[in-house]
Chemist: 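One structure follows; several queries about it will come next.
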Amino acid sequence: MSKIVKNATDELHTLILNALGKAVSEGELPSEPIPAFGIEVPADRANGDYSSNIAFVCARVFRCAPKKIADLVVKYMELDGSYFSSCTAAGAGFVNFTLSGQFYADVLLDIKSLGENYGRSDYGKGQKVNVEFVSANPTGPMHIGNARGGALGDCLSAVMDFAGYDVTREFYINDAGNQIEKFGMSLDIRYQQLYLGENAPELPEDSYHGADITERAKEFAAVYGDSFIDKSESERRKALVDFALPKNIEGLRTALEAYRINYDVWFHESDLHHGAIKEVTDILTVNGLTYEKDGALWYKNKEVQTARLLRQGKTQEQIDKLELKDDVLIRQNGNPTYFAADIAYHRNKLLTRGFTKAIDIWGADHHGHVARLKGALDAIGLNGDDLDIVLMQFVNLVKDGEPVRVSKRSGNAIALVDLLDEVPVDAARFFFNLREPGSTIDFDLGLAVSENSQNPVYYCQYANARIHSIIRKLESQGTALRDCTAEELMLLTAPEEIELIRHLASFTDEIISAAKNYDPARITRYCIDLATLFHKFYNACRVAVDDESLMQARLFLCTCVMETVTNILKMFRISAPESM
């Protein structure tokens with residue numbers, strides 16, 4: 001939590017203990033150890049800003065009614081010089097506290113002193129965290145689901161960085177296995193069709209039919225002509241893949257950079273085929289968790305998952321309903337499966353590279369893979385719970401109330417580049433983080449390009465620009481922005497001012513909650529609420545008043561809002577314009 005909020009809660013804990021100590025010394029309560037008690041912010045602040053259950057938890061040890069204990073806490077409470085102005089007993093024994101003006105002033109002074117670092121904390125203690133997201137196959141362009149995964153993964157990484165984690169953003173390049181073989185075959189046939197006409201083979205139904213495959217084949221032909229037509233199939237396909245794959249990977253990198261995503265690591269699946277996959281299959285075999293069947297090597301997934309679920313308290317009847325099955329690790333042709341590569345890949349993250357936590361952003365259709373991968377990590381001697389999977393629901397594109405499923409440019413499914421042709425990057429990154437990952441998103445293309453308060457990213461950017469406008473106007477009239485004393489900031493007593501400062505004070509806690517829950521949407525919602533509270537304050541409290549101290553205090557509050565909005569937008573790599 002923010003320094004000022006933590007100071008206030010720590011101080012309140014001490015004040016309550018001191019009050020009880022005085023009640024004991026005066027003989028009004030017996031001398032007994034004080035049990036742990038809670039301090040919380042009530043949902044309804046009508047009775048106070050903080051509430052404690054101290055009277056209820058002490059009722060048994062003091063052998064006394066909670067109401068009497070609460071009254072004694074109030075009687076002996078000394079608030080002078082603290083962050084609290086009043087203490088009252090309510091109901092059957094709740095003790096409520098109201099914050100003083102000093103608290104609100106110190107919140108604003110803290111924001112001003114921290115500047116671009118406001119919201120940061122050491123909650124994560126520098127733990128190394130790997131966030132892997134998008135990881136689209138390099139056999140074609142990224143689709144709309146990758147667009148959501150990109151915004152989600154990048155903004156989650158930013159939130160975790162703010163919360164004090166050492167974050168590595170990673171893209172996993174699927175450059176090995178069946179899809180690459182299919183990629184080579186598709187390129188090969190398109191290449192042959194350029195020269196052999198009716199004698200060329202037809203493209204199979206389960207191959208890649210996108211226009212991008214034909215384009216890559218033409219690019220290859222432009223360099224090599226028909227010189228590979230008479231080569232062997234394996235040589236021709238290898239040459240085509242070696243030519244096209246780097247171009248596709250670079251295309252992914254370029255598209256993601258246009259989306260303002262820059263990865264720390266681009267990890268090649270093919271690197272795992274140089275021994276890492278064999279290492280994990282050997283470990284599983286030594287542990288008695290593999291067997292051979294029909295020329296393939298199988299993993300005893302059912303046995304491992306059953307044991308794991310039993311440890312988690314599931315009954316055998318519940319487990320039987322899951323209809324667990326074993327998995328192939330090495331196919332009959334000697335090629336490893338994706339599952340084998342996944343085990344090796346996550347062993348590389350957690351063991352070889354030493355990440356404390358591996359976080360993967362997956363589509364919701366992969367939910368069945370989560371438990372078996374965690375179980376496999378347990379089976380090779382790691383902790384499967386060091387891997388967390390964020391399952392992301394699908395995106396529905398909508399325009400003028402109608403669903404949009406096909407790109408006007410290619411006639412195929414909407415790709416990331418199509419989306420960025422339609423809407424600003426700012427809107428895409430903000431809209432994809434408006435709801436938690438597990439919720440389906442209806443992405444309104446019309447709303448995303450609108451310039452009014454109905455567009456949430458425009459609404460937040462406008463609040464920031466409006467504050468810059470207020471400052472420019474006053475400066476043009478000869479009023480220079482200056483720092484304020486705590487006494488001047490304590491002039492901010494209007495309900496709209498207090499509500500706005502309270503919200504500002506909660507920012508650090510929201511960052512921590514977003515990091516803990518892997519939900520950066522908490523921060524976009526926080527930003528929308530902040531913009532709403534600012535507009536409410538601006539409409540209720542005139543900034544350019546005759547009282548110079550009050551005017552400067554309100555300007556100071558405006559700049560704290562501006563600083564916080566800017567921090568959020570920059571954290572999410574969204575522009576923060578000073579005029580609109």
Chemist: Report yes or no: do Y50 and N96 form a side-chain donor-acceptor pair below 3.5 Å?
Modeler: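 N96 and Y50 do not have a side-chain donor-acceptor pair below 3.5 Å.
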Chemist: Give every residue pair that meets the side chain to side chain donor-acceptor pair (under 3.5 Å) criterion with at least one member in residues 455-470, sequence neighbours excluded.
Modeler: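 Residue pairs with at least one partner in residues 455-470: D426-Q461, Y459-T532, Q461-S575, N464-T566, R466-H535.
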Chemist: What's the separation between atom CG in L500 and atom CG in L492, rounded to the nearest 0.5 Å?
Modeler: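 Reported to 0.5 Å precision, the distance equals 9.5 Å.
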Chemist: Donor-acceptor check, side chain of D49 to backbone of L99, threshold 3.5 angstrom: yes or no?
Modeler: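 Yes: the side chain of D49 pairs with the backbone of L99.
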Chemist: How about D360 and H346: does a side-chain donor come under 3.5 Å of a side-chain acceptor?
Modeler: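 Side-chain D/A pair, D360 to H346: present.
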Chemist: Identify the residue among I111, L569, T559 that makes a side-chain contact (heavy atoms from CB on, under 4.5 Å) with T564.
Modeler: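 Only match with T564 under side-chain contact (heavy atoms from CB on, under 4.5 Å): I111.
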Chemist: Counting N and O atoms only, with roles assigned by atom type, does the side chain of Y263 sit under 3.5 Å from a partner on the main chain of F133, one being a donor and the other an acceptor?
Modeler: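 Indeed, once roles are kept as given, a pair shorter than 3.5 Å links the two residues.
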Chemist: Indicate the ring-plane relationship of Y118 and F507, choosing parallel, tilted or perpendicular according to the 30° and 60° boundaries.
Modeler: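 The rings of Y118 and F507 sit tilted, inter-plane angle from 30° to 60°.
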Chemist: Taking the six-membered ring for Trp, are H367 and W362 ring centroids under 6.0 Å apart?
Modeler: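 Here the rings of W362 and H367 have centres that are no less than 6.0 Å from each other.
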Chemist: Okay, side chain of N53, backbone of G38: is any donor-acceptor separation there less than 3.5 Å?
Modeler: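 Looks like yes, one N/O pair under 3.5 Å.
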Chemist: Is the backbone N or O of K399 less than 3.5 Å from a side-chain atom of E402, with the two atoms forming a donor-acceptor pair by type?
Modeler: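 Answer holds: no.
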Chemist: Please determine, by modelled atom types, if T14 and E11 share a side-chain donor-acceptor pair under 3.5 angstrom.
Modeler: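 Distance-only check fails for T14 and E11.
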Chemist: Centre-to-centre under 6.0 Å for F572 and F162, is that the case here?
Modeler: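 No, the ring centres sit 6.0 Å or more apart.
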Chemist: Which residue, K67, K75, K68, forms the salt bridge (Lys or Arg N to Asp or Glu O under 4.0 Å) with D71?
Modeler: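 When K67, K75, K68 are each tested with D71, the salt bridge (Lys or Arg N to Asp or Glu O under 4.0 Å) holds only for K67.
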Chemist: Is a donor on one side and an acceptor on the other found under 3.5 Å between the side chain of K128 and the backbone of R353?
Modeler: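 Such a contact is found between K128 side chain and R353 backbone.
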Chemist: Return yes if a side-chain donor-acceptor contact under 3.5 Å exists between S51 and E40, otherwise no.
Modeler: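 Judged by distance alone, the side chains do not pair up.
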